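Residue numbers start from 1 in every chain, and the chains themselves are labelled A, B, ... in the order their sequence lines are given, proteins ahead of strands. Remember, it's a predicted structure, so these values are computed and weren't measured experimentally.
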There are 2 protein chains.
Amino acid sequence: MSAFDVQKMATLGEAAPNPRPSQSPCSACKIRHLTVCAPLEESELHQVAAITHSVELGPGDPLFDEGEPANNVYNVTAGTMKVYKLLSDGRRQVTGFLFPGDFLGLANNDIYAYSAEAVSHSTLCRFPRRKLEGLLEQFPKMEKRLLGMASHELAAAQEQMLVLGRKTAKEKVATFLLALSRRAEERGQPADPVTLAMSRADIGDYLGLTTETVSRTFTQLRGSGLIALQQGGKVELRDREALQDISEGG
Amino acid sequence: MSAFDVQKMATLGEAAPNPRPSQSPCSACKIRHLTVCAPLEESELHQVAAITHSVELGPGDPLFDEGEPANNVYNVTAGTMKVYKLLSDGRRQVTGFLFPGDFLGLANNDIYAYSAEAVSHSTLCRFPRRKLEGLLEQFPKMEKRLLGMASHELAAAQEQMLVLGRKTAKEKVATFLLALSRRAEERGQPADPVTLAMSRADIGDYLGLTTETVSRTFTQLRGSGLIALQQGGKVELRDREALQDISEGG
DNA sequence: TCGTCCCATTGACGTATATCAACGCCAATT
DNA sequence: AATTGGCGTTGATATACGTCAATGGGACGA
């Protein structure tokens with residue numbers, strides 16, 4: 001068992017102190033590409049760079065846990081993260097997967113409402129909350145940008161409620177694959193084959209299914225020729241139109 | 001599917017003209033109490049009043065439909081609204097119930113992502129989007145307030161994902177009743193008995209259940225002495241602690 | 001090279017909830 | 001008073017998905 005795993009188990013068992021992920025100041029060069037910074041002028045970027053730090057996480061590393069004081073917000077710059085909520089008996093709901101450009105850690109009270117953990121090796125840009133607030137005061141356009149991102153997330157959350165509450169397993173998986181493909185495309189990555197960085201268990205916890213049902217549904221879609229499972233967790237979408245029809249309940 | 005449902009779907013099928021709800025300018029007196037206006041000075045309120053109109057809806061009246069151009073945002077001032085999304089075959093997911101103080105109509109592209117309809121007789125304050133944007137430019141603290149409200153909604157949406165994806169029918173209903181009670185309390189209304197303005201079908205579509213299962217679950221909770229069903233859709237919470245335990249999966 | 005562990009897959013079986021159907025209540029209408 | 005329609009409740013049955021269990025493969029360390 002690796003040192004990493006020991007650390008993780010301790011975190012789960014007792015309220016362990018936060019892991020100490022590697023950190024270094026964010027370079028202005030990278031800051032420029034952060035989604036929240038899009039509206040800023042070149043001359044304003046260094047003020048953002050002054051308050052940020054880079055964080056690096058390996059697969060399975062926690063970033064923060066539900067209930068912790070929300071001292072930071074983060075922008076994903078590389079890798080894949082997942083955010084989730086737990087019930088006391090261990091049932092888990094993954095509320096989202098996060099990719100480069102995505103934002104996390106906004107909390108309306110001062111406590112994180114969910115836990116965040118790396119799915120694959122990831123890097124993030126950390127904004128101390130207090131300092132960020134000063135920045136937002138200074139740059140209302142940055143605040144406007146944040147509002148836009150929050151609205152976007154809210155719409156995604158409502159869409160996911162429809163998935164969780166009213167779609168069948170097959171429809172859920174088809175919806176998931178297409179959404180993942182679209183998001184990959186948005187980031188300029190290949191939309192087909194889609195890379196599934198996360199495990200079947202994670203997908204199940206995202207879609208309100210068990211790993212077994214997810215697996216069976218993949219098998220079923222493969223049997224119908226709609227997808228093909230490749231090496232390295234890649235999924236080829238062989239018939240997007242049919243998947244689209246299924247995802248809409250057609 | 002009942003005749004009622006068919007009729008409703010027909011309304012959606014053809015791009016029906018918007019209902020023409022009764023409208024009148026919002027008085028500054030009421031504006032003052034709008035949640036978005038909380039941060040504003042007395043002297044600033046009349047500028048808000050200048051752009052708003054009051055809208056009145058009866059039970060079942062639509063406010064807007066998913067896919068329509070999002071020309072307005074609204075603040076509920078009285079009554080109960082519901083917002084929902086539909087699948088092509090009529091399956092419905094209610095993504096939220098809205099009470100006085102709640103905001104709706106924020107859309108990050110220019111299209112409503114969901115439909116909104118009155119549950120009970122309701123009044124709302126309408127903000128034309130373009131004019132509101134000017135106002136937000138002028139009052140950054142109003143924008144900050146909006147961001148706070150959006151964050152709050154986002155947290156609620158994530159909580160609801162946990163409910164939809166991972167809770168049993170009994171846990172769902174217990175969670176729902178407690179949440180409704182808390183929200184009534186926040187608005188200064190009696191937390192017990194809770195008034196259920198919405199039908200069993202609406203509750204089912206909110207919790208990812210059928211009306212029958214909702215009904216049976218109420219019956220079951222009543223049988224255990226945890227709730228009592230009163231006249232007028234009121235529910236007495238006779239054992240909040242037990243309900244709380246159930247809602248958390250204990 | 002061989003275990004070990006984790007993960008994905010597959011099978012057999014169980015069950016929570018959906019579906020289909022009937023009934024009663026209440027309010028509105030005639 | 002009789003009729004109608006919407007809504008909530010209850011019962012019988014069906015089924016999609018969960019649960020439990022076994023197997024196999026790839027990554028990793030001894």
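- Between B:T213 and C:dA18 there is a side-chain polar atom (N or O) within less than 4.0 angstrom of OP1 or OP2.
- Side-chain atoms of B:R222 and base atoms of D:dT10 include no donor and acceptor less than 3.5 Å apart.
- For the pairing with B:V76, the side chain to side chain contact (heavy atoms under 4.5 Å, CB included) check across B:V55, B:T35, B:L63, B:L98 returns one residue only, B:L98.
- Contact annotation: B:T210 side-chain N/O to C:dA18 OP1/OP2 distance is under 4.0 Å.
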| said: Test side-chain contact (heavy atoms from CB on, under 4.5 Å) on A:L124 and A:L104; report intermediate values, then the result. | reply: CA-CA 10 Å; A:L124 302 94; A:L104 73 158; 3.9 Å; yes
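- The residue B:S199 sits close only to the backbone: its heavy atoms come under 4.0 Å of sugar-phosphate atoms, none of a base.
- Residue B:L207 is classed as having no contact, given no heavy-atom separation below 4.0 Å to the nucleic acid.
- Between the CD atom of B:E212 and the C1' atom of C:dA22 there is a distance of 12 Å, rounded to whole Å.
- A:L180 pairs with exactly one of A:L196, A:V235, A:T195, A:L237 by the side chain to side chain contact (heavy atoms under 4.5 Å, CB included) rule, that one being A:L196.
- Nearer to the 5' terminus of DNA chain C, by closest-nucleotide assignment, is the contact made by A:V214 (compared with the other of A:V214 and A:R166).
- Here the C1' atom of nucleotide D:dG26 and the CD atom of A:Q231 are 9 Å apart, to the nearest Å.
- Distance, A:Q220 CD to D:dA16 P: 10 Å, rounded to whole Å.
- Judged by atom type and distance alone, A:R216 reaches the base of C:dG11 through a side-chain donor-acceptor pair under 3.5 Å.
- Under 4.0 angstrom from either OP1 or OP2 of D:dT10 there lies at least one side-chain N or O belonging to B:T219.
- Nucleotide C:dC7 holds its C1' atom 9 Å from the CZ atom of A:R200, rounded to whole Å.
- Closest contact between the side chain of A:S215 and the listed nucleotides C:dA8, D:dT10, D:dC17 involves C:dA8.
- Within the nucleic acid shown, A:G208 comes within 4.0 Å of sugar-phosphate atoms alone, with no base atom in reach, counting heavy atoms only.
- Using a 4.0 Å heavy-atom distance criterion, A:L196 is classed as making no nucleic acid contact.
- Taking each heavy atom of A:A174 and A:I246 in turn, the nearest pair found is CB-CG2, 3.8 Å.
- Taking atom NZ on A:K170 and atom P on D:dA16, their separation rounds to 11 Å, with Å as the unit.
- Whole-Å rounding puts the A:E171 CD to D:dC17 C1' distance at 14 Å.
- Across the protein-nucleic acid pair, A:K167 atom NZ and C:dA18 atom P stand 18 Å apart, rounded to whole Å.
- Looking only at distances, a side-chain donor or acceptor of A:T217 sits under 3.5 Å from a matching main-chain atom of A:T213.
- Here D:dG8 presents its P atom at 12 Å from CG of B:D205, a figure rounded to the nearest Å.
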